[in-house]
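All ligand and atom numbering here is 1-based and tracks the order in the structure. By convention here, the first residue in the shown sequence is residue 1. This is a predicted model, so every value here is computed, not measured.
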Amino acid sequence: MSDLFSEVTIVIPTLNEAEAIGKVLNEIINVGIPKDNILVVDGGSTDGTVDIVNSMGVKVILQEGKGKADAIRTAVRYIKTPFTLLMDGDYTYPARYIPELYNKIKQGYDLVIGARLLDRSSQGILFKFGNKVLTKFFNVLFGTGLRDVLSGMYIIRTSILKELFFETRSFGIETEIVAHVVNTTNRIAEVPIEYRRRLGKKKLKVRHGFLILREMIRLAWRYNPTFFIFAMGSLPLILGLILGTYVAYYYLFVGVVYYMKGLIAIILTLVGFQSLLLAILSLYLKRMEYRLMRILKRD
Ligand SMILES: Nc1nc2c(ncn2[C@@H]2O[C@H](COP(=O)(O)OP(=O)(O)OP(=O)(O)O)[C@@H](O)[C@H]2O)c(=O)[nH]1
Ligand SMILES: [Mg+2]
């Protein structure tokens, strides 16, 4: 049984999860994950979280920096297995989905998200709505059709996690990971999972939703500038073509010449057309950046 999961490390970021972490670890161990394949990254808990983890014989390290993103960045250096599974330490994500996520990624994916789609009664209305809006927004920006971008339970190929830029602070880390995979290999799958009510005090605030939103826009610009330039270019192009058609119609069929309108139509069309060309160029540049990063990281 133990051999089965030798290729995966379960990484759990914790910050004051004394109420939950023992139960979380027990669940994971009961699924058949060897203790050596579990790594807790603590953010400086003051409630005895670290002692509980130690007493259970599970490895725990102290993170560098601040926030969940820095915790994952710290953990990455310790991971030796080809796959990394991340899950929260607040008992919200049931460990029984680990085998399914693991089997799925072994089918040739780079990221498999545990999408919180089953039994969602544990999530508050605002929380659910926020998640939905942010996922929709992400899908528009990145041209994806995902169902839960912000899930805290996912399994990822470790080599991909290691090439991440870790530009995002704290709670935006999930978005950055998904954005990165979407724009490199795009081998992403989702497995529907159940989400439970957390044990211990809630940390997420509405404010975080807006921070994540801002991060998404920044990431879209970073990873998908084509979309922005494309959107900015399409508008003048469409307006220019409409105005141009109008001017041409009057010139050809009515015999009226609109000089000013004609000039504006030409300018709008040219600006729009150039933006679209820029969009194509930026797409190529972005592709090249990733190819170069790959080569650089290989050595
Ligand atoms: N190492 C580390 N872990 C953190 C930090 N902040 C949060 N975590 C952990 O990251 C996981 C997710 O954080 P949560 O506070 O549960 O965030 P959430 O699930 O989005 O929101 P709620 O559960 O509704 O409060 C939990 O296991 C936290 O203990 C941090 O600064 N450092
Ligand atoms: Mg939580």
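- Inspection of the R96 and N30 side chains reveals no N or O donor paired with an N or O acceptor under 3.5 Å.
- Within the 6.0 Å centre-distance limit, the rings of Y258 and Y246 are counted as a close aromatic pair.
- A heavy-atom separation below 4.0 Å is not found between T92 and ligand 1.
- Looking from atom 25 (O) of ligand 1 to the surrounding protein, the closest heavy atom is K203 N, 2.7 Å.
- Between K68, Q63, K202, it is Q63 that holds the heavy atom closest to atom 2 (C) of ligand 1.
- For the pair R187 and Y109, the cation-pi test (distance below 6.0 Å, angle within 45°) is failed.
- With ligand atoms numbered from 1 in the order given, ligand 1 contributes 1 (N), 2 (C), 32 (N) to contacts under 4.0 Å with heavy atoms of G43.
- By the 4.0 Å N-to-carboxylate-O rule, E64 lies too far from R73 to be salt-bridged with it.
- Each of R198, K68, R196 was compared with D90 under the salt bridge (Lys or Arg N to Asp or Glu O under 4.0 Å) criterion, and only R198 meets it.
- Partner T81 forms a side chain to side chain donor-acceptor pair (under 3.5 Å) with one of T9, T158, N37 and no other, that one being T9.
- With a 4.0 Å heavy-atom cut-off, ligand 1 is reached by the backbone of D42 but not by any atom from C-beta on.
- Atom 19 (O) of ligand 1 has D88 OD2, 3.4 Å as its closest protein atom, hydrogens excluded (heavy atom only).
- Nearest non-hydrogen protein atom to atom 4 (C) of ligand 1 is L15 CB, 3.7 Å.
- The two residues Y93 and E27 have their closest heavy-atom pair at O-OE1, 4.2 Å.
- In terms of protein heavy-atom proximity, atom 17 (O) of ligand 1 is closest to F171 CE2, 3.5 Å.
- Close approach to E17 involves these atoms of ligand 1, each under 4.0 Å from a residue heavy atom: 26 (C), 27 (O), 28 (C), 29 (O).
- Under the 3.5 Å distance criterion, the side-chain polar atoms of T49 are matched with a main-chain donor or acceptor of E17.
- The minimum heavy-atom distance linking G233 with L276 is given by the pair C-CD2, 4.3 Å.
- One finds no salt bridge joining D148 and K132 here, because no Lys/Arg side-chain nitrogen approaches an Asp/Glu carboxylate oxygen to under 4.0 Å.
- Of all protein heavy atoms, the one closest to atom 9 (C) of ligand 1 is P13 O, 3.3 Å.
- Of the candidates N16, L199, V53, V60, I21 forms a side chain to side chain contact (heavy atoms under 4.5 Å, CB included) with just one, namely V53.
- Within ligand 1, counting atoms from 1 as listed, the ones closer than 4.0 Å to a heavy atom of A71 are 1 (N), 2 (C).
- Interface of G89 with ligand 1, defined as ligand atoms under 4.0 Å from a residue heavy atom, comprises 26 (C), 27 (O).
- The structure places CD of E194 at 11.0 Å from CE of M153, a figure rounded to the nearest 0.5 Å.
- Counting only distances under 2.8 Å, and ignoring water, the protein N, O or S atoms around the Mg ion (ligand 2) are D90 OD2.
- Of the protein's non-hydrogen atoms, L204 CB, 3.3 Å is the one closest to atom 21 (O) of ligand 1.
- Judged by the shortest distance from any of its heavy atoms, G152 lies outside the 4.0 Å radius around the atoms of ligand 1.
- Salt-bridge formation is not detected for the pair R218/E176: no Lys NZ or Arg NE/NH1/NH2 atom is positioned less than 4.0 Å from an Asp or Glu carboxylate oxygen.
- Shown are V11, V8, I29; of these, the side chain to side chain contact (heavy atoms under 4.5 Å, CB included) with I38 is made only by I29.
- Protein heavy atom in closest approach to atom 16 (O) of ligand 1: D90 OD2, 2.7 Å.
- The minimum heavy-atom distance linking I28 with M87 is given by the pair CD1-SD, 3.9 Å.
- Geometrically, ligand 1 and K201 share no nitrogen or oxygen pair separated by less than 3.5 Å.
- The proximity of V41 to ligand 1, defined as any non-hydrogen pair under 4.0 Å, is limited to the backbone.
- Residue nearest to atom 15 (O) of ligand 1, selected from K66, E174, R198, H208: R198 (by heavy-atom distance).
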